[in-house]
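All chains are named by letter (A, B, ...) in the order of the sequence lines, taking the proteins before the strands, and each is independently numbered beginning at 1.
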2 protein chains.
Amino acid sequence: MLTIGKMANATGVKVPTIRYYEQIGLLPDAERSAGNQRLYAKNALERLRFIRHARELGFPLEAIRDLLALSDKPDQSCAAADAIAKRQLQAVRARIARLQALEVELQRMVTQCEHGKMSDCRVIGVLGNHELCQHDHAEESFTG
Amino acid sequence: MLTIGKMANATGVKVPTIRYYEQIGLLPDAERSAGNQRLYAKNALERLRFIRHARELGFPLEAIRDLLALSDKPDQSCAAADAIAKRQLQAVRARIARLQALEVELQRMVTQCEHGKMSDCRVIGVLGNHELCQHDHAEESFTG
DNA sequence: CTAATGTCTCTAGTAACTATAGGTTCAAGA
DNA sequence: TCTTGAACCTATAGTTACTAGAGACATTAG
């Protein structure tokens, strides 16, 4: 049986985060030692590794919750898991596209800067006056 | 003088968001009508447009706060504003790079899926076992 | 004048943690 | 055996940038 600190070391997930995952039901309530400290078996370690890897790939916790539920049913079709991964792929691609548009505009702001006074500053100018900006980003909103 | 609703229409920033910006000091406290409703002059409209455009470009509110302070000093050098924009450009590029790595891995998970049973599922398999994953993402953490 | 719409304040909720306070347990060395 | 220090416990609040809701007041069109 592993303490919460060993779990944290083995997975790279911080101790408070493990407790948080338990609190929101992503990990089952851990067993406890005589002194009330959490103790984990190997399957809990695997579950936590699964969660961590999925988080690294950008899956939101709710999607991970669904994936964990699915992985507990080995006889079912994996179409549902596939759908979740596809959604995530779409989300990642959409984010990349939006960020690349931002990159272009930021790059232009920065390269046009001539290090003069604030009153001539490209950065301030473009931000204050959308006309100076060739890129139309009416539909954008920054969420990451 | 514009009501808060007109401001929202003119800029695309929602009414509660405008109040929020005032609350955190990004917009100055608005004047009020006899009936205690907010009234804005044209310079407040420009300030809000500036904020919105900067948000669309992904600047965090704290960076915008700094940019607004700088833009109020037209005689100073614009080097500080330039630095903020450069930082933002770096942040955007780092995000793009990380998301592209995720894209590759998600794509592989999805295309390898053969729609069998959960027990053979690539998606679940890769998430549960980092060995199946050719991409090393030890240093990643998903923040958007 | 009335009805509909707009606005007010305040509180709480979102995602996914992180930090802090104040206390308890455990493992190792003297 | 005692003690020290690290690791652990709970509970609450803070983070970012808003969004949603309740319940009351203001304004405007007809």
Nearest heavy atoms of B/L99 and A/V92, plus distance in Å = O-CG1, 3.5 Å
Could you tell me whether the phosphate oxygens of D/dT10, OP1 or OP2, come under 4.0 Å of any side-chain nitrogen or oxygen in A/R19?
-> no
Atom pair distance, as rounded to whole Å: CZ in B/F59 and P in D/dA17 = 13 Å
A/I18 CD1 - C/dA19 C1' separation (whole Å) = 17 Å
Relative to the 5' end of DNA chain C, which residue comes earlier, A/L61 or B/K6, by the nucleotide with the nearest heavy atom?
-> B/K6
Provide the closest heavy-atom pair for B/V123 versus A/A85 in the form atom of the first, atom of the second, distance.
-> CG2-CB, 3.8 Å
Round to the nearest Å and state the distance from B/R55 atom CZ to D/dT16 atom C1'.
-> 9 Å
Taking every non-hydrogen atom, the tightest pair across A/T11 and A/M7 | OG1-O, 2.8 Å
Return no unless some side-chain N or O of B/K14 is found under 4.0 Å from OP1 or OP2 of D/dT19.
-> yes
Is the shortest side-chain N to carboxylate O distance from A/D72 to A/R47 below 4.0 Å?
-> yes
Run the salt-bridge test on A/K42 and A/E46 with the 4.0 Å N-O cut-off and return the result as yes or no.
-> no
Of the residues in residues 62-70 of chain B, which ones touch DNA chain C at a heavy-atom distance under 4.0 Å?
-> none
If you pin B/Y21 and B/T3 to their nearest nucleotides in DNA chain D, which one's is more 5'?
-> B/Y21
Electrostatic pair A/R65:A/E62 at N-O distance under 4.0 angstrom | yes
Tested for side-chain contact (heavy atoms from CB on, under 4.5 Å) against B/R55, the lone hit among B/T17, B/V13, B/I64 is B/I64
Can you tell me how far P of C/dC10 sits from CD of B/E22, to the nearest Å?
-> 12 Å
Separation of atom OH in A/Y20 from atom P in D/dT15, rounded to whole Å = 17 Å
Pair B/E103 + A/R93: basic N to acidic O under 4.0 Å = yes
The correct set of residues in residues 23-42 of chain A placing a heavy atom under 4.0 Å from DNA chain C is A/S33, A/G35, A/Q37
So which nucleotide from D/dC18, D/dA17, C/dC17 ends up closest to the side chain of B/T17?
-> D/dC18
Rounded to whole Å, the CE-P distance (A/M7 to D/dC8) equals 12 Å
What one should report as the nearest heavy-atom pair of B/Q107 and B/T111 is NE2-CG2, 2.7 Å
